[in-house]
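Notes for the one structure printed next.
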Amino acid sequence: MMSEPLRLGFLASRNGSSMRAILAAIAQGELPAEPRLVVSNNRNAPALAHAAAAGVATACIPTKADPEASDRALADAMADAGVNLVILSGYLRRLGPIFLARFRGRVLNIHPGPLPAFGGEGMYGRRVHEAVIAQGQRQSAAVIHLVDGEYDHGPEVARLDLPLQPGETAESLEGRMTALEPSFYLQTLQEIARGDRVLPPP
C-alpha cells in the first residue's frame, strides 16, 4: 500500500480513455484518489478539454522543440501539483531522464500486448495486435507496468489475459483490448489504493 493517499497525474496525447474512466470513478466515489493534473504534449488533445470540464487542472507541454526543457517542465509541473503517482493514458512521447528520476517507480503505463515478447520501440497500437496474431499466439494480454528509461521495460504490476477468438484479426483484437483497458486500469488503481496490490519501492 502506498504510504499516502493517491494524488494522480495523467499524461495523454489524445482522448485519454483510461484517464476518463479513472476520473469518473473518482467523482463517483469508487476510487479514493485526488486527480491533481492532466498534461498533454498536444494542445488540441480531447483529454485536456475533458479534464478541464471535470474541474481538473491541465497543462500543455510540447516536447519536440526542446526535449530537455520540456522534460524539466513536466517534472516540475507534476511535482508542483503534489502528484505521487503518474498515469500514462495514451501518451505518445518517451519520458525524459529528469522526469523519470523525479518520479522513479511511480509512473504506470498500460501496454496492449504480452510483455516482454511484444514490447519495445515501435510496438504500439495495431502493430502489437498484428504481431500477436502473426506469431500464432492463443492469447494476448494487457499489461500494466512501471515505466523506466526503456520502452515497455519496467516491472510488471498487473496483467489481464485475453484469449484469442477463432478467426481473430488485428482489428478485432484491438477493439476488444481497447474496450477492456480502462476498467482494468481502474481496477488496478483500486487494488493499489486498498493495499491489495503493492508497488515496488522506488
Side-chain angles (χ1 to χ4, degrees), residues 1-12 15-39 47 50-51 54-57 78-79 81-91 95 99-119 124 128 132 137-164 173-202:
M1 185 174 184
M2 292 190 66
S3 58
E4 49 190 345
L6 298 182
R7 301 189 301 273
L8 303 179
F10 298 89
L11 294 173
N15 289 321
S17 298
S18 292
M19 177 209 75
R20 293 172 185 239
I22 294 165
L23 292 182
I26 293 172
Q28 294 162 11
E30 297 173 359
L31 175 64
E34 300 175 22
R36 292 296 186 91
L37 181 64
V38 175
V39 177
H50 182 88
V56 181
M78 288 290 181
V83 168
N84 63 5
L85 187 64
V86 179
I87 308 299
L88 272 59
S89 181
Y91 188 65
L95 294 170
F99 182 85
L100 290 174
R102 188 89 61 93
F103 289 93
R104 188 183 310 278
R106 291 298 178 262
V107 183
L108 291 177
N109 182 50
I110 189 166
H111 185 75
L115 293 177
F118 296 93
Y124 59 87
V128 177
V132 167
Q137 300 296 306
R138 294 185 177 180
Q139 70 176 21
S140 189
V143 177
I144 294 174
H145 65 95
L146 292 173
V147 176
D148 59 17
E150 299 181 40
Y151 285 111
D152 307 321
H153 177 264
E156 181 175 311
V157 173
R159 175 180 292 242
L160 177 65
D161 292 326
L162 181 63
L164 269 63
L173 179 56
E174 181 180 42
R176 293 201 298 133
M177 187 68 79
T178 299
L180 289 173
E181 286 179 2
S183 59
F184 176 46
Y185 226 151
L186 173 59
Q187 176 186 331
T188 300
L189 288 175
Q190 289 170 330
E191 292 171 355
I192 292 170
R194 290 196 305 264
D196 295 339
R197 191 176 295 276
V198 179
L199 296 178

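- Across all their heavy atoms, V38 and A47 have their closest contact at CG1-O, 4.4 Å.
- Here the shortest heavy-atom pairing between S89 and S18 reads OG-N, 3.4 Å.
- Counting heavy atoms from C-beta outward, H145 and V157 have side chains that stay 4.5 Å or more apart.
- Side-chain atoms of M177 and L162, non-hydrogen and from C-beta on, do get closer than 4.5 Å to each other.
- Contact of the L95 side chain with the F103 side chain is not registered, since no non-hydrogen atoms from C-beta on lie closer than 4.5 Å.
- Two residues are said to be in side-chain contact when any heavy atoms from C-beta on lie closer than 4.5 Å; E156 and I144 fail this criterion.
- H111 places a side-chain heavy atom less than 4.5 Å from the side chain of V128.
- Using a distance-only test at 3.5 Å, with no hydrogens or angles considered, no donor-acceptor pair links the side chain of R36 to the main chain of V83.
- Counting all heavy atoms, side chain and backbone alike, V132 lies closest to Q139 at CG1-O, 4.4 Å.
- In this structure, F10 and M78 approach most closely via the heavy-atom pair O-CE, 3.6 Å.
- Distance check: L23 CG to L31 CG gives 10.0 Å after rounding to the nearest 0.5 Å.
- The closest donor-acceptor contact from the side chain of S183 to the backbone of L180 lies under 3.5 Å.
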